[in-house]
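The structure under discussion appears below in the form of structure tokens.
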Amino acid sequence: MQILSDISELRTVLRTLRATDDRPTPRSVGFVPTMGALHDGHRSLVRAARQHCGIVVASIFVNPRQFAPHEDFSRYPRTLAEDCQMLEAEGVDVVFTPTAEAMYPPGAAAFVDVEEVSDRLDGASRPGHFRGVATVVAKLFHIVQPELAFFGQKDAAQVAVLRKMVRDLDFPLEIIVCPTVREPDGLAMSSRNRYLSTEERRQALSLSRALQAAQMQAASGEHRASALLQTMRATLQEGPSARVDYVAVVDPDTLLPLDDVASGALLAVASYVGSTRLIDNALLASTTGNTVVPGKKKS
Ligand code: PAF
């Protein structure tokens, strides 16, 4: 596995790998962008990439442009040595670890704005966040030029923003979304789970419980979004140190609120447990045959 931080060196290495790739996989380069502090959720993305692609590239870059000044950029966990060990064990070919100066040289002033969808869910709570995400991912896509790029369903709003970016700007690649990976007790894996104390870790289960409760309610015939929202909010508020950021029942593509979930919906929650902001979500299937499938046209 090669670990490279220089953009032009990476391009040269990838050109050579592409020219010599003779593995019998349908697509050449699969790309897994990350901010490091890797866990089994990232591992599942790498495994999916390994399965589909002859060459697997992962990036590790804690992107300053997607953090607001009061957020956790400086304390975000940085575990490069362990991350590289895991990526090597999973058969990654190249790890790209650029510096902030290489990604944003002095005077860099171009941004990618995916309007409207970037202002919803996490974008509403974290103004400018998705502008930073779309900009860095667009840059990484230009640098790596993958055929497939892999993201986790856990970041459902990020997926909606990046899918729209890829569609609207005609990036020649496909985004593959892999299921959220959970701890045995249901907590969605996240690099930020490391911030939780033992007691907060227990309370953090309120997110997956809120989603489960709403999913069960929907499965037993409730299709009013208002009822599901009430259930999720009540469950989230059970933890003494919980502070709900949002609960939402939305279309997974547009992130616009739905009144009725009969055609499918994205249930999404964000809550602070102590000072740590956690997110989670679940997709509800259609009960009418009219499915809302993220990234696909509705039937
Ligand atoms: O999901 C993440 O880890 C980040 O938002 C991403 C896509 C690597 C961009 O910095």
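Quick caveat: nothing in here was measured; it's all calculated off a predicted structure. Atoms within each ligand, like the ligands themselves, are counted from 1 in listed order. When a residue number appears, it is its place in the shown sequence, counting from 1.
Enclosure of atom CD in Q230 is not indicated, since only 12 or fewer non-hydrogen atoms of other residues, nucleotides or ligands lie within 6.0 angstrom.
Each of the following atoms of ligand 1 lies closer than 4.0 Å to a heavy atom of Q158: 1 (O), 2 (C), 4 (C), 5 (O), 7 (C). Below 4.0 Å from some heavy atom of V136 lie the following atoms of ligand 1, by number and element: 9 (C), 10 (O). Atoms of ligand 1 lying under 4.0 Å from any heavy atom of T34, numbered from 1 in the order shown and given with element: 8 (C). Set against the non-hydrogen atoms of Q66, the atoms of ligand 1 under 4.0 Å away are 4 (C), 5 (O), 9 (C), 10 (O).
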Return all side-chain donor-acceptor pairs below 3.5 angstrom for residues 97-107, not counting sequence neighbours, or 'none' if the list is empty.
residue : atom : partner : partner atom : Å
T99     : OG1  : A102    : N            : 3.0
Y104    : OH   : N63     : OD1          : 2.5

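Using cut-offs of 30° and 60° for the angle between ring planes, the F150 and H52 rings count as tilted.
Within the structure, side-chain hydrogen bond (donor to acceptor under 3.5 Å, both in side chains) contacts touching residues 133-146 (residues at least two apart or in different chains) do not occur.
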